[in-house]
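So that the names make sense, note that chain A is the first sequence line, chain B the second, and so on, each numbered from 1.
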Amino acid sequence: MSTQLDDLYNDHILDHFECPYHKGAIDHPSCSRTEKNPLCGDVVTLQLQINPEGKVENAYFDGKGCAISQAAASILCEHVEGKSVDELEKFQARDMLDLLKVPLTASRQKCGLLGFRLLKTLIYEQHPEENEHSVSPSDTLNTPVSNTDNE
Amino acid sequence: MSTQLDDLYNDHILDHFECPYHKGAIDHPSCSRTEKNPLCGDVVTLQLQINPEGKVENAYFDGKGCAISQAAASILCEHVEGKSVDELEKFQARDMLDLLKVPLTASRQKCGLLGFRLLKTLIYEQHPEENEHSVSPSDTLNTPVSNTDNE
Amino acid sequence: MTATLRPTWTAETIRRDFPILEKRLPNGQPLVYLDNAATSQKPQVVINAVRDCYETYYSNVHRGVHQLGDRVTEELEGSRAKIQKFVGANEPEEIIFTSGTTMSINLVANGWGRRFLSEGDEVLVTEMEHHANLVPWQQIVREKNARLRYIPITAEGRLDKEQLESLIGPRTKMIAVTTMSNVLGTINDIHALSEAASSCGARLLVDAAQSVAHMPTNVLSPRVDFLAFSGHKIYGPSGIGVLYGRRELLEAMDPFLCGGNMISEVHRDESTWGELPAKFEAGTLPIAPAIGLGTAIDYVQQLGWQEIHDVETTLTRRAWDVLTEIPGLHIVGPPADERGSIISFTVDRLHPHDLATLVDQKGVAIRAGHHCTMPLHDVLQMIATARASFAVYNTLEEVDILADAIRHARKVMRLS
Amino acid sequence: MTATLRPTWTAETIRRDFPILEKRLPNGQPLVYLDNAATSQKPQVVINAVRDCYETYYSNVHRGVHQLGDRVTEELEGSRAKIQKFVGANEPEEIIFTSGTTMSINLVANGWGRRFLSEGDEVLVTEMEHHANLVPWQQIVREKNARLRYIPITAEGRLDKEQLESLIGPRTKMIAVTTMSNVLGTINDIHALSEAASSCGARLLVDAAQSVAHMPTNVLSPRVDFLAFSGHKIYGPSGIGVLYGRRELLEAMDPFLCGGNMISEVHRDESTWGELPAKFEAGTLPIAPAIGLGTAIDYVQQLGWQEIHDVETTLTRRAWDVLTEIPGLHIVGPPADERGSIISFTVDRLHPHDLATLVDQKGVAIRAGHHCTMPLHDVLQMIATARASFAVYNTLEEVDILADAIRHARKVMRLS
Ligand SMILES: Cc1ncc(COP(=O)(O)O)c(C=O)c1O
Ligand SMILES: Cc1ncc(COP(=O)(O)O)c(C=O)c1O
C-alpha cells in the first residue's frame, strides 16, 4: 500500500517539467493526436515523424497540466526517438512507469500515462490491418484505477 | 420492545373469530364500505344502519383474512351498536386496540385496525361539510408502521 | 483467495461466525432464523470489514490524490474484481455497483429499454417473477407501446417449456427471468432460456437475487446479457447490489442515474458520459457496503458450493418431510430435490399471518404474505403463503422446532 | 433527544469520538483530514449503530410478523422520524430514504419532471451547482423540450440577485439550487429563492448536501418543496440519502424506481402504487445505513448548531488568514465570514493535482479537480482548484499544517 511519495517530484521529473524535451509542434508530422484527462484537465498532444523504414525520427509533445503528465510526455518523447514502430508496439504501460523512475500512486498513474496512451493509439494506427484481430488499444491501456471524478 | 404474544390468540379473539358477531350483510344499510390490506389480503366490509337521531342501530361486517382482522371487526360491530355518530367521532385507534384486550405488535396493528379504519371513514362521511376544515381521516388513521410489503 | 479455509464445516461451527445467532430474542427465546430468502444474517468478517473501513481508511473513492483515497479506491476496486470473478465476467468494468437488485433491474429497464424497445416489441417474463422483475418492465413497455408477456408455470411450479417455444419470436426483445423463485424454490433452466434468447435474438436478463448465495453464478456459460443481485441476501451488508452487463450492451445503453462520477464532461446544456463502470455509477457509491460485499463473497467461496449445496438440501429435505406430516399443510412448488432451500406453504384454516405470529412466539422467524409475487399468487389462487427459507447456518433441530411450532399454532387456533 | 450532552466541547475532545483520526497513515504521518466536503468521517456511535444492527436485530423491515422484523422496522422508522424533525417536515411520510443526494435529485427530475414539465417550460439552476443538480435536469429538459437556465454568479461567487429577477417568469417551473456551494463555500439565500419560486408558481428544490452538517435545515421556513442530502457528509454511513418532498407533490408524482414495497397491487399488466413513503422506496432499503443515519443526526444535534458554527468559522477564518499569506495563492468565492467551511484555491504555477499529492506527503488530505462543478469552473476560467474543507473535529493546528505543507510544496516545485 504505502508508497514513498517524497521522491515523486525529484530532479528527473522537475527538470523535464521545467525544461521539457521537444515541447512544441512538428510542421508535417506523420501522425498527431490530442487527449485530455477530464478529471484534472491535463491535455497532451503527441506528434510523431516516422520514416519509411518505420523508425520514429522525431517526437514532439505539447500540452498543459500537472507536472507528472507534462514531464512524462517529455520523457516519452526522448525515449521513443530512434525506436522502430515494431519496438514501440512492445512498449508497455509498466515500461513507461519504469521510465519515470518514480513511484506513482494508482490515482496519479493516469497523469503519468496520458502521453503513453497517445503513443499506443498512434502506433496502433500504423498497422490497422495487421492488428485487426489483436486487442484494441483501449483494452491494453486500462490503468489500474478508473480514475473518474466524484466527491 | 418485547411484547408477550402468548396472550394474543386468547379466547376473546378466537371466540369472535370462530363465532363472529353480526357477520353478514344488512339489506339497506345507511352506509357501507370495503377495504383491503394488500399485504396480507385481509378484506373487511362494514355496514352501518344509522337512525335519524344519528345513532348506530345495526352494524354488520363481512370479510376474510387473518384471525386478528376478522375478530377485531366482530368486536367493533358489537361495540358501535347503540353509539351515536358523535360518540364514534371521538373513538380513537387506541380505544380500538384497547377493545381487543390483547397486545398487538406494530406489524399486526394494521390487521387489528382494518375495521376501525372503515368505521372512521364512514363516520367522517356523515358530516362532510362540518369536517371540511378539520383533518381528513387519512391523517388520523396512520398506524405507527406503514405496513407495506417487501422482502 | 477461494482456498477452502474450512475443509469441513457444519451449521454448528458456522453459527459461531454469525453474532446475531447467539443472541436471545426480546421474548427470551433463542432465534430460529428461517427468513433467509428475505435477507440473510451477516458473519463477523463482513461486519468487521464495514467497521474497519470506517475506522481505518474511509474516504471518498476515485479521488485518491491522498493516501486514504488511494486505499479506499483499492479496496472498492478489489471488491469489484472479486465480484467479477465470482460471476465469471470478462472484465471488472462490466460490474456495476447499485443499491440492490431492484435498482439493477430498473437500470436495465430504463437504460436499455428506453433506447432499444419499440412499439410492438415484446418483453418476456415468467409468472413466478418478483415484483422487482415485473413492475419496471410494466412501466417501460407501457411507455414504449411494447408488450409484456408471461411464460406460464406448470402445476408443479416449473416453467412451461412448450409454452416458452410458442411465446418467443422475432418480436421478443428481452427475456427477464429469475434464477430461483423466491416462493416456489424452483430453479429455472437458464441454459434453455439462454438458447431461447439467442434463437430469437433477444437479450437475457437474469435476476439472481435468490440463487446467488446458494449455487454458482456464471454469466458466460450459459451466456446471459445482464445479471442482477443484492448483497444483503448473500451475507453481505445492506445497501449494495450488483448489475453485471456485457460490455457492448452497457456501452450502447443510456445512463440511468445522472450526476457526478458518471460524466466525462459537463457543459451548460449537455454532457458526455464517462467510461464503464463509472457511466452507471452516478454519485457517491455505497462505499463501505460495497467493500463488505467483497468480504461476503470471499466468505461464501470459502464455504464451497458443494458443501453449501449438501447442507442446504439436507435441510430442505428434512423440512419437506416434517412439514408434510402436519395435517392440512400444503407445500407449493416442485419436490424437495428439485428446488432451492425455500419452502412456501399454507395450513388449512390458518391464515399465514396468524401462523407467522404464532411460530414467532416460539422464536421462529418465517415470512407470511405474497412475498412480492402477487401475479404468482393469483396463478396459485392464493392470497398469501407462509415461507421458511434456509441458509448455511440453519440446523436440522431448527427445522424440527419450526414443525413443532406449527403444530402448536394449530393447537392454539383450535385446529387440533 | 437533542439535549446537549456536551455543553462544551472542542475539536480536541471531539476527535476521540472518531477512531480514524487516531490512526497513522500508510506513510507514518498522522492524518490531517481536510476533505470533509467530499465525505466526512464517522464517530464511533455511528459505526456501532451499524454494527449493532447486524449483531443484534438485523432482518428485513416492514415485514415484522416476527420479533426481529418488528424491532428493525421500529429502528428504521425511528430514524425516519428523527430526520423528519431534523429537517422540520410535517410528517414522517414526507421523508424518503434514497441511496444519496444524487439519487434523490434524479428521483425528482424523473418522478416530478416527467409528469409536470412540458415543452417551453424552464428549469432554473445556478452556475455553482454540483453535477448532481445539473445533469438530471439536462436530461429531463431535453426529453421534454424544456429549457435549462442558469442564474449567474457575481465576481465574488454569489448568486446575482438582479439576474434572478429577470430570469424568473411564468415559464419557470422549477428552481433547483444548492444551499452551499461545494467549491465557493457560498451560502445561498434560500429565503429569496423561496420567494422567487412562489412569486412565479415554481417548485423549489434545494440540494442540502453541503450545508446539512454545518447549519440548521428547515423545509418550512423558508418553505421548500424538495430537499435532498446524503448521509455520508453528515457523519453518517455510506449508502444512504434522503429526499424530503411535500406530501401533495409526492402524492401527485410518478414513482421512480419500481419493484417490491412501492406497490399496492401488482396485476399482470399494471400495478397500483403504495402509500407514502413506500411509493418511492422500491426494493430492500439500505437498512443498517438508514438506522446509522439516525444516530449521526442525534450526534450532530448534541453538538449544537451554535457550537458547530463557532468552531467551523474559527477554522475557516484561520485558514483564510494563513492561506492568503502564501505567495501566489488565490482563494475563490466570498470572504471568510460569509461562507461555509470550504476554501478552494489555486497556487500560481502549481497544478492542484501536484499540490494535493505534495501536501499528502505531509499527511494532509485535500482535494483537487473540478469537484463535480465543470460549468462553475468554466465560469471561473479554471480547469481545476484545490479544496480544503473543515469539519467539527479539525483543529487550528491542522490548518497551520496545511499552510506549511503548501509552502513545502512550493519549495519542492522550485517556486520559492
Ligand atoms: C452540493 C452537492 N450536491 C450533490 C452532491 C452529491 O452527493 P452524493 O455523491 O452523495 O450523491 C455533492 C457531493 O458530492 C455536493 O457537494
Ligand atoms: C427473486 C428476487 N428478485 C428481486 C428481489 C429484490 O431484491 P432487493 O429488494 O434487494 O432489491 C428479491 C428479494 O427481495 C427476490 O427474491
Side-chain angles (χ1 to χ4, degrees), chain C residues 19-20 23 25-26 35 38-39 41-42 47 50-51 54-56 58-60 63 65-68 99-100 102-103 106 131-132 134-136 138-139 148 150 230 232 238-239 257-260 263 265-266 268-271 282-284 286-289 353 356-357 360 365 367-368 372 374-375, chain D residues 19-20 23 25-26 35 38-39 41-42 47 50-51 54-56 58-60 63 65-68 99-100 102-103 106 131-132 134-136 138-139 148 150 230 232 238-239 257-260 263 265-266 268-271 282-284 286-289 353 356-357 360 365 367-368 372 374-375:
Chain C
I20 200 172
K23 300 290 188 311
L25 287 170
D35 197 11
T39 196
Q41 298 300 341
K42 319 303 173 200
I47 300 170
V50 171
R51 194 193 61 194
Y54 291 134
E55 292 189 355
T56 59
Y58 178 76
S59 75
N60 218 326
R63 295 292 303 124
V65 184
H66 50 69
Q67 296 166 68
L68 290 185
S99 57
T102 302
M103 171 69 180
N106 275 271
H131 294 164
L134 286 181
V135 190
Q138 286 182 346
Q139 292 296 97
L148 190 62
Y150 285 79
S230 299
H232 70 91
S238 57
L257 297 188
C258 296
I263 55 91
E265 296 194 4
V266 175
R268 290 197 155 217
D269 288 311
E270 56 178 13
S271 302
T284 300
I287 297 169
H353 268 74
T357 297
D360 181 50
R367 256 195 112 197
C372 297
M374 286 180 128
Chain D
I20 200 172
K23 301 288 187 313
L25 287 169
D35 197 10
T39 196
Q41 299 300 342
K42 319 305 173 201
I47 300 170
V50 171
R51 194 194 61 195
Y54 291 135
E55 293 189 354
T56 59
Y58 178 76
S59 75
N60 218 326
R63 296 291 301 123
V65 185
H66 50 70
Q67 297 166 67
L68 290 185
S99 57
T102 302
M103 171 69 178
N106 275 270
H131 294 163
L134 285 181
V135 190
Q138 287 182 347
Q139 292 297 100
L148 190 62
Y150 285 79
S230 300
H232 70 91
S238 58
L257 297 188
C258 296
I263 56 91
E265 296 195 3
V266 176
R268 289 196 157 219
D269 288 310
E270 56 178 13
S271 301
T284 301
I287 297 169
H353 269 72
T357 297
D360 180 50
R367 257 197 110 195
C372 298
M374 286 180 127

A.B. asks: Donor-acceptor pair, C/Y54 side chain versus D/P19 backbone, under 3.5 Å?
C.D. replies: no
A.B. asks: Measuring from atom CG of D/L134 to atom CG of C/D269, what distance do you get when rounded to the nearest 0.5 angstrom?
C.D. replies: 10.5 Å
A.B. asks: Report yes or no: does C/Y58 contribute a side-chain atom to a donor-acceptor pair with the main-chain N or O of D/K42 at less than 3.5 Å?
C.D. replies: no
A.B. asks: Looking at OG of D/S271 and CE of C/M374, how far apart are the two atoms once the value is rounded to the nearest 0.5 Å?
C.D. replies: 9.0 Å
A.B. asks: List the atom of C/S99, the atom of D/S99, and the distance in Å for their closest heavy-atom pair.
C.D. replies: CB-CB, 4.2 Å
A.B. asks: Considering residues at least two apart in sequence or located in another chain, which fulfil the side-chain hydrogen bond (donor to acceptor under 3.5 Å, both in side chains) criterion with C/E265?
C.D. replies: C/H267
A.B. asks: Under a 4.5 Å heavy-atom cutoff, which of D/P289, D/S59, D/G259 has the most pairs with chain C?
C.D. replies: D/G259
A.B. asks: Please report the shortest heavy-atom distance between C/S238 and D/P286, naming the atom on each side.
C.D. replies: OG-C, 3.9 Å
A.B. asks: Flag the pair C/L148 / D/R268 as yes when at least one side-chain heavy-atom distance between them is below 4.5 Å, and no otherwise.
C.D. replies: no
A.B. asks: Check each atom of C/Q138 against the heavy atoms of chain D and say whether the ones under 4.5 Å are side chain, backbone, both or neither.
C.D. replies: side chain
A.B. asks: Which residues pass the side-chain hydrogen bond (donor to acceptor under 3.5 Å, both in side chains) test with D/S230, sequence neighbours left out?
C.D. replies: D/T101
A.B. asks: Working to the nearest 0.5 Å, report the span between CG of C/D360 and CD of D/Q67.
C.D. replies: 4.0 Å
A.B. asks: Mind checking whether D/T102 and C/T284 have side chains closer than 4.5 Å, heavy atoms only?
C.D. replies: no
A.B. asks: Where does D/Q139 contact chain C at under 4.5 Å (heavy atoms): side chain, backbone, both or neither?
C.D. replies: side chain
A.B. asks: Counting only non-hydrogen atoms closer than 4.5 Å, does C/E270 touch chain D with its backbone (N, CA, C, O), its side chain (CB onward), both, or neither?
C.D. replies: both
A.B. asks: Could you please spell out the steps behind the side-chain contact (heavy atoms from CB on, under 4.5 Å) verdict for D/Q41 and C/L68?
C.D. replies: CA-CA 11 Å; D/Q41 299 300 342; C/L68 290 185; 4.1 Å; yes
A.B. asks: Whether the side chain of D/T39 engages the backbone of C/N60 through a donor-acceptor N/O pair (distance < 3.5 Å, no angle test) should be reported.
C.D. replies: no
A.B. asks: Indicate the atoms forming the closest heavy-atom contact of D/C258 with C/P136, along with that distance.
C.D. replies: O-CG, 3.4 Å
A.B. asks: Which atoms of C/V50 are under 4.5 Å from chain D, going by heavy atoms: the side chain, the backbone, both sets, or neither?
C.D. replies: side chain
